[in-house]
Amino acid sequence: MMPTRRRLRLPVLALALALGACRGEGYRVERELSREYGLAFVDFQTTDSTELRVAFPSSPFADGPDVARRGTARKVGEYVRDHYPRYKALNKVTVEFLTKKETVADTLKHVAASYTFSRAALGPPPGVAAPPADSGVPPGG
């Protein structure tokens, strides 16, 4: 094996393990949200992984009143805050409720409602003391 390949092997292995671990955390949250609210998909809206999206395809909440959807979306955001280990690295959490819309040609997914919560809006995870109001540090940050 060439010396250059040997030098690259460890950093590449470390990157693969780190990416797998991050996605593993997302899978766990996805699985737990699916168990509680119905099928859920968790992914990132940005390449820097600072905007987490939780989408519920064919959600029963999609056809409900806005107040019920908003309350459920808030609970999902709080669940992410409390259970996603890399929550402090997020800028926002978006929760989408999708419905199937029939068309002549195909079935399309339609976003019935989308709610976005900043980290400041969701607050710090439990057990994390909020900074003093005059400190200039956002809660949970």
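Counting all heavy atoms, side chain and backbone alike, S114 lies closest to E96 at OG-CG, 3.6 Å. A pairwise comparison of heavy atoms in L122 and G77 identifies CD1-O, 3.6 Å as the closest pair. Between R74 and A121 the shortest heavy-atom distance is NH2-O, 3.1 Å. Scanning both residues, A112 and T99, for their nearest heavy atoms gives CB-CG2, 3.9 Å.
The salt bridge (charged side-chain N to carboxylate O under 4.0 Å, His left out) search around D66 returns R69, R70, not counting sequence neighbours. With sequence neighbours excluded, the residues satisfying side chain to side chain donor-acceptor pair (under 3.5 Å) with T116 are T94. Under the salt bridge (charged side-chain N to carboxylate O under 4.0 Å, His left out) criterion, E32 pairs with R28, sequence neighbours left out. Residues that satisfy the salt bridge (charged side-chain N to carboxylate O under 4.0 Å, His left out) test with R31, not counting sequence neighbours, are absent from this structure. Applying the side chain to side chain donor-acceptor pair (under 3.5 Å) rule to R53 yields the partners D43; only residues at least two apart in sequence or on another chain are considered.
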Could you walk me through whether F61 and Y37 pass side chain to side chain contact (heavy atoms under 4.5 Å, CB included), step by step? CA-CA 9 Å; F61 299 104; Y37 297 102; 4.1 Å; yes
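Using bins of under 30°, 30° to 60° and over 60° for the plane-to-plane angle, the ring pair Y84/F44 lands in the tilted bin. The aromatic rings of Y115 and F97 sit perpendicular to each other, their planes meeting at more than 60°, with 30° as the lower class boundary.
With hydrogens and angles disregarded, no donor-acceptor distance shorter than 3.5 Å links the side chain of R119 to the backbone of N91. Remark: the backbone N or O of A40 is paired with a side-chain donor or acceptor of S34 at under 3.5 angstrom.
A distance of 10.0 Å separates CG in L33 from CZ in R35, rounded to the nearest 0.5 Å. Distance CZ/F56 to CG/L98: 10.0 Å, rounded to 0.5 Å. Here CZ of F117 is found 11.0 Å from CZ of R81. Values are rounded to the nearest 0.5 Å.
Considering L52, V95, V42 as possible partners of V80, the one that fulfils the side-chain contact (heavy atoms from CB on, under 4.5 Å) test is L52.
With side-chain heavy atoms closer than 4.5 Å counting as contact, directly or through intermediates, the hydrophobic cluster containing L39 also holds F41.
Residues T50 and L90 have side chains not in contact (no heavy-atom distance under 4.5 Å, counting atoms from C-beta outward).
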